[in-house]
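Atoms within each ligand, like the ligands themselves, are counted from 1 in listed order.
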Amino acid sequence: MYPMNLSRAEEMPPSSGEGFEKDDFRQCFPEVEVLLTAEQIQARVAELGAQIARDYSADSPPLLVGVLKGSLVFLADLMRAIPLPVQFDFVAISSYGTETEHTGQVRLLKDLDTKIEGRHVLVVEDILDTGLTLSYLLDLLRTRQPASVKVCTLLRKPSRNKVFIPVDYCGFDIPNQFVVGYGLDYAERYRNLPFIGVLRAPTLEK
Ligand code: IMP
Ligand code: MG
C-alpha cells in the first residue's frame with residue numbers, strides 16, 4: 001500500500017509538457033559560445049558508460065570518486081549509464097590561483113567517506129587541465145591500497161598538461177580555451193548549463 005500523502009504514478013495528472021526550451025539557455029547566457037551540445041555530451045556519456053561497464057564486472061564494480069564541484073553533473077549522468085552496481089563518493093580539492101590559472105598548490109577540503117582498501121576506484125573529473133589536481137588526488141588514493149585506480153575525465157586540454165596523468169576514459173579533447181557549463185564554472189556561475197561552451201573574452205576580463 002502507498003502512504004496516504006504519496007500519489008501513485010498512474011494517478012498523477014498528465015504533464016503539461018512545460019519545460020525549458022533549448023534556446024532559453026542560449027538566450028539567458030549569450031556570452032557563452034556553444035562548443036559541445038547537450039546531445040553530443042549525452043551521446044558520449046552513454047558510450048563511456050558502456051565502455052566502463054565492459055571493463056569492470058558486477059562482482060567487483062568500481063567506486064566512482066567525483067571531484068567536487070565540477071564533476072557533479074557528469075558523475076550523475078555517467079553512473080546512470082553504467083549498468084553495474086556501482087557506488088559513488090566525493091572529494092573536494094581546492095587549487096590556488098585565479099579563476100582561470102592554476103598555481104600548482106592543492107589542498108584537500110573534503111575526504112572520502114568510504115574506505116577504498118582493496119576496492120576498484122574510478123576517479124571522475126570534469127576537466128584535465130594542468131593535471132595538478134589529479135596528480136595530487138591519485139597520489140593520495142594510492143597510499144590507501146585500492147585494488148586499482150583509473151581515471152575518467154569528461155574533457156581534456158592536451159597542450160596544457162604539466163604533469164602526465166594516465167587517462168583511461170576521456171570524453172572529449174578540447175582546445176586551449178576556458179570552458180563552462182555541465183558542471184564547469186567561472187566564479188561559481190554557469191554550472192547548470194546543459195551544454196559546454198567557451199566564455200567570450202569580455203566576460204573573463206570583468
Ligand atoms: P588542473 O589541476 O589544472 O588539471 O585543473 C583542474 C580543475 O581546474 C578542474 O577540475 C576545474 O575545476 C578547473 N578548470 C580547469 N580548466 C577549466 C576550464 O576551462 N573551465 C572551468 N574550470 C576549469
Ligand atoms: Mg572550478
Examine ligand 1 and decide if any of its atoms is less than 4.0 Å from a heavy atom belonging to [X].
| X | result |
| --- | --- |
| Gly70 | no |
| Val180 | no |
| Ile165 | no |
| Val67 | no |

Original post:
Are Tyr190 and Phe29 close enough that their ring centers fall under 6.0 Å?
Top reply: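 Ring centroids of Tyr190 and Phe29 are less than 6.0 Å from each other.
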**OP:** Taking atom types as modelled, find out whether Arg119 and Gln87 have a side-chain donor-acceptor pair closer than 3.5 angstrom.
**Re:**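 Result is yes, a qualifying pair exists.
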Original post:
Any luck finding a side-chain donor-acceptor pair between Tyr182 and Asn192 under 3.5 Å?
Top reply: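 There is no such pair between these side chains.
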Output the list of atoms in ligand 1 that are nearer than 4.0 Å to some heavy atom of [X], sorted by atom number.
| X | answer |
| --- | --- |
| Leu184 | 21 (C), 22 (N) |
| Glu125 | 10 (O) |
| Thr130 | 1 (P), 2 (O), 3 (O), 4 (O) |
| Asp126 | 9 (C), 10 (O), 11 (C), 12 (O) |
| Lys157 | 16 (N), 17 (C), 18 (C), 19 (O) |
| Asp185 | 21 (C) |
| Thr133 | 1 (P), 2 (O), 5 (O), 6 (C) |
| Gln177 | 19 (O) |

**OP:** Would you please test Asp89 and Lys115 for salt bridge (Lys or Arg N to Asp or Glu O under 4.0 Å) and show each step?
**Re:** CA-CA 10 Å; Asp89 200 348; Lys115 277 192 76 175; over 6 Å; no
**OP:** Compute the shortest N/O to N/O distance between Leu134 and ligand 1 and return yes if it is under 3.5 Å, no if not.
**Re:**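 Leu134 vs ligand 1: no N/O contact under 3.5 Å.
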Subject >> Val179-ligand 1 polar pair, N/O distance under 3.5 Å >> reply: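 Yes: some nitrogen or oxygen of Val179 is under 3.5 Å from one in ligand 1.
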Name every donor-acceptor pair, under 3.5 Å, that has one atom in a side chain of residues 47-54 and the other anywhere in the protein, sequence neighbours excluded.
| residue | atom | partner | partner atom | Å |
| --- | --- | --- | --- | --- |
| Glu47 | OE1 | Arg44 | NH1 | 2.7 |

**OP:** Measure up the Tyr186 and Phe178 rings against each other and bin them: parallel (under 30°), tilted (30 to 60°), perpendicular (over 60°).
**Re:**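 The rings of Tyr186 and Phe178 stand perpendicular, inter-plane angle above 60°.
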